[in-house]
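Here the structure is a predicted model, which means the values were calculated and not measured. The analysis underlying the following values was restricted to heavy atoms, covering all of them including side chains, and did not include hydrogens, waters or symmetry mates. So you know, we letter chains A, B, ... as the sequences are listed, proteins then strands, and number each from 1.
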Amino acid sequence: MDAQTVDLSIEARDVAGRIHDLRDYLDLLAGHGQCITWPEAVMPEPDIRKIVVAASRDAMMGPAILFDKIRGYPGKRLVVGVHGSFSNIALLLGHQKGAGIKELFYEIIGRWRSDYPLIERVKPEDAAVNENRVESGINLYNLLPLYRINDMDGGFYIAKANIVSRDPRDPDDFDKQNVGIYRIQVQGPDRFTLLSVPSHDMARQIRMAEEDDVPLKIAVMIGNHPAMAMFAATPVNYDESEFAYASQMMGSPIQLTTSGNGMDVLAGSEMVIEAQLMNNQRCLEGPFGEFPGSYSGIRHVPLFEVTAVSHRTDPIFESIYIGKGWTEHDTLIGLNTCAPIYSQLKENFPEVVAVNALYQHGLTGIISVKNRFAGFAKSVAMRALGTPHGLMYLKNLIMVDDDVDPFDLNQVMWALSTRTRASDIIVIPNMPMVLIDPAAEIPGKGHRLIIDATSFMPPDPIGGDAKIVSPPSGDEIDDLAKYVQRLQREAENK
Amino acid sequence: MSCPRCRSSEEHLRTEYQGREGDEIIWTVYYCKRCSFTWRDSEPAESIEHGKREASFRADPDHPEKYKQNIPPAAE
Ligand SMILES: [Zn+2]
């Protein structure tokens with residue numbers, strides 16, 4: 001491999017080389033008991049919702065669920081929860097099932113910002129996604145086992161697609177191609193609305209197309225290489241390619257082909273829906289149960305017309321459950337929310353040890369830092385609020401010492417209990433806030449909370465007498481913990 | 001039949017798809033052209049019966065100005 005790529009472990013390299021698409025990943029998961037085919041027939045509602053919520057309760061070990069007996073959709077396949085637990089993410093990264101979150105965090109950090117894109121081109125006629133093509137009589141209900149994710153959603157959503165679009169003013173520039181996850185509500189057999197945050201790339205492209213009255217073509221990729229869903233949601237600059245970034249993070253090539261409407265798409269996707277913006281047309285969209293665990297409202301949202309669909313034979317519709325946490329959404333984007341905050345903080349403060357921003361896309365964050373003097377952690381917290389993600393999302397910040405694993409909530413609660421004084425809490429009123437925060441008095445504005453739960457340092461006179469017990473720790477204890485679990489399993493199986 | 005969300009009458013509804021197993025129709029999906037609600041007639045009553053839906057989840061297509069624009073159309 002090229003020297004510019006990241007230095008992967010043998011296991012990680014092996015996994016990266018084996019996984020080219022969703023099917024390869026499902027095979028890997030199934031081999032470890034992390035993808036289950038649901039044995040019974042299910043109704044689209046409410047059975048699917050109930051089963052996937054039950055499966056996603058276990059954030060560490062929950063499996064993906066594949067449904068192939070959905071009433072009224074004979075022969076169609078649906079998979080939910082592919083990125084639904086940290087064990088599933090661990091296997092993708094070449095770690096053991098059950099690996100600790102902190103271990104996975106450092107794996108992501110180790111891969112962060114390698115800068116060499118690994119792209120393999122596949123001719124359209126050789127691409128698996130082009131095994132079947134529909135150009136007339138398109139009915140999305142005939143192609144996908146669509147269903148209502150939460151019971152008060154306004155319709156049936158395609159909620160885990162990666163959408164490719166090109167700058168309508170510069171359609172030949174590969175790097176100005178945008179890949180993002182946007183929620184899609186089906187509005188008819190060949191119509192859908194696509195919701196984008198007004199400041200995001202897609203919204204910018206919609207405005208450009210309508211202002212110039214030029215076509216905006218998009219490709220909706222469903223059932224993708226697992227790295228795409230994980231890393232396309234990570235904010236990269238407008239002129240960086242998400243494809244390149246996903247391939248760097250995986251450390252192995254991503255296979256691209258060209259869709260019928262000229263977009264670069266993954267050659268091994270289960271389905272690619274080609275569509276075009278219906279300029280200036282809007283349609284009511286929502287509500288939709290969103291990641292903070294509350295419904296969005298109804299809005300007028302841009303409408304698209306489906307122009308063609310390519311799909312693999314017996315395609316698998318990959319979907320996600322989103323709602324009140326913990327859900328697959330939290331696992332899917334969690335580590336990639338932590339990584340940029342960590343690397344940006346680290347530039348100014350090498351004392352930062354780890355960042356846990358797993359909760360509701362970082363509405364609550366826990367940062368562990370090597371304390372230098374009294375109040376130091378508060379300054380680090382202020383800097384975190386100034387990072388690009390912190391600016392809108394980091395609402396509640398808990399600062400802990402470097403002897404506390406921010407991913408282990410029992411340890412965090414220990415720090416809160418023993419190292420926090422009520423006067424170590426800071427509220428910064430009337431700050432910018434992501435629109436979706438359900439606790440906002442006014443959407444877009446909110447208060448920030450910093451809890452300094454780090455130890456007391458000079459010149460602070462308090463707490464100097466507290467001598468901390470040092471229980472044994474490190475690799476030896478980690479190995480012993482695993483050994484205890486193994487003995488437990490063996491005892492159970494006797 | 002009327003829309004479970006806005007009570008629009010049958011003429012505003014469209015049949016999207018019928019889920020079949022052999023000759024048997026298992027369910028039918030409908031769409032309301034006025035409020036965009038989509039539903040399957042096999043869903044639990046809390047989702048598809050107007051009287052059982054919470055009032056805050058109804059829609060009022062007679063007053064579209066109640067609903068915000070995600071991205072306002074350029075030609076307006
Ligand atoms: Zn209606």
Side-chain angles (χ1 to χ4, degrees), chain A residues 41 43-46 49 70-76 139-142 145-148 150-157 185-189 191 193-198 202-204 206-213 279-287 295-303, chain B residues 3-6 8 12-76:
Chain A
M43 285 300 282
E45 301 85 13
R49 181 184 312 138
I70 307 170
R71 297 297 314 274
Y73 287 127
K76 291 195 175 57
N139 189 334
L140 293 175
Y141 292 94
N142 201 24
L146 296 164
Y147 66 102
R148 192 183 313 279
N150 276 298
D151 56 356
M152 287 297 130
D153 286 351
F156 300 166
Y157 278 82
Q185 184 181 340
V186 175
Q187 300 279 3
R191 295 272 192 286
T193 43
L194 180 148
L195 184 88
S196 52
V197 177
M202 176 63 85
R204 188 156 33 165
I206 289 171
R207 276 194 297 269
M208 281 181 198
E210 293 187 340
E211 279 165 15
D212 297 3
D213 197 23
N279 288 18
N280 299 308
Q281 293 203 40
R282 300 292 184 267
C283 189
L284 289 179
E285 192 263 8
Y295 285 98
S296 64
I298 301 175
R299 270 173 282 206
H300 300 275
V301 172
L303 190 63
Chain B
C3 172
R5 184 158 85 161
C6 75
S8 287
H12 299 291
L13 309 181
R14 191 171 71 205
T15 301
E16 303 291 71
Y17 189 72
Q18 289 187 315
R20 290 165 183 268
E21 291 174 11
D23 293 335
E24 189 190 356
I25 297 168
I26 309 294
W27 42 252
T28 305
V29 173
Y30 299 98
Y31 180 77
C32 173
K33 290 181 271 183
R34 297 199 68 225
C35 82
S36 307
F37 190 64
T38 308
W39 74 100
R40 191 182 334 261
D41 59 6
S42 59
E43 290 187 69
E46 293 71 30
S47 293
I48 62 167
E49 273 183 31
H50 186 269
K52 292 200 172 161
R53 288 176 65 86
E54 263 186 59
S56 56
F57 287 110
R58 292 172 191 161
D60 183 7
D62 291 333
H63 295 95
E65 72 283 359
K66 277 187 181 174
Y67 304 108
K68 285 186 187 145
Q69 285 283 353
N70 166 227
I71 301 165
E76 249 189 13

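In terms of heavy-atom pairs under 4.5 Å with chain A, the best-connected choice from B/Gln18, B/Arg5, B/Glu46 is B/Arg5. Most heavy-atom pairs under 4.5 Å with chain B: of the set A/Glu211, A/Gln187, A/Met43, this distinction falls to A/Gln187. Chain B forms the most heavy-atom pairs under 4.5 Å with one residue out of A/Arg148, A/Arg207, A/Glu210, and that residue is A/Arg148. Highest contact tally toward chain A, considering only B/Arg40, B/Lys33, B/Lys66, B/Lys68, is held by B/Arg40 [criterion: heavy-atom pairs under 4.5 Å].
The backbone N or O of B/Pro73 lies less than 3.5 Å from no partner atom in the side chain of A/His300, so there is not a single donor-acceptor pair.
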Quiz: residues 51-59 of chain B side-chain donor-acceptor pairs under 3.5 angstrom, not counting sequence neighbours:
unit_1, atom_1, unit_2, atom_2, d
B/Arg53, NH1, B/Ser47, O, 2.6
B/Arg53, NH2, B/Phe57, O, 3.0
B/Arg58, NH2, B/His50, O, 3.3
B/Arg58, NH2, B/Arg53, O, 3.2

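Between atom CD1 of residue A/Ile70 and atom CD1 of residue B/Ile26 there is a gap of 13.0 Å, rounded to the nearest 0.5 Å. Separating the CG atom in A/Leu195 from the CD1 atom in B/Ile71 is a distance of 8.0 Å, to the nearest 0.5 Å. Between the CD atom of A/Gln185 and the OG atom of B/Ser36 there is a distance of 6.5 Å, given to the nearest 0.5 Å. The distance from atom OH of A/Tyr157 to atom OG1 of B/Thr38, rounded to the nearest 0.5 Å, is 9.0 Å.
Within the 4.5 angstrom heavy-atom criterion, atoms from both the backbone and the side chain of A/Ser196 approach chain B. For B/Trp27, the part lying under 4.5 angstrom from a heavy atom of chain A is the side chain only. Looking at A/Met152, both its backbone and its side chain come within 4.5 Å of chain B, counting heavy atoms on both sides. Of the atoms belonging to B/Arg20, it is backbone heavy atoms, and not side-chain ones, that fall under 4.5 Å from chain A. Proximity to chain B is limited to the side chain of A/Ile206, based on heavy atoms less than 4.5 angstrom apart. Heavy-atom distances place the backbone of A/Asp153, and not its side chain, under 4.5 Å from chain B. In this structure, chain B has a heavy atom under 4.5 Å from the backbone of A/Leu194, while its side chain stays farther away. Residue A/Tyr295 touches chain B through its side chain alone, counting heavy-atom pairs closer than 4.5 Å. Only the side chain of A/Arg282 comes within contact range of chain B, with at least one heavy atom under 4.5 Å from a heavy atom of that chain. In this structure, the portion of B/Arg14 lying under 4.5 Å from any heavy atom of chain A is its side chain and not its backbone.
Taking all atoms of both residues into account, the shortest heavy-atom contact from A/Asn139 to B/Glu16 is ND2-O, 3.3 Å. Here the closest heavy-atom approach between residue B/Asn70 and residue A/Pro198 is recorded as O-CG, 3.7 Å.
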Point to revise | Check against side chain to side chain contact (heavy atoms under 4.5 Å, CB included), B/Tyr17 and A/Leu146 | key: CA-CA 11 Å; B/Tyr17 189 72; A/Leu146 296 164; over 6 Å; no
Check your understanding: After noting the C-alpha distance and the side-chain angles of B/Ile48 and A/Glu45, does the key distance pass the side chain to side chain contact (heavy atoms under 4.5 Å, CB included) rule?
Key -> CA-CA 11 Å; B/Ile48 62 167; A/Glu45 301 85 13; over 6 Å; no
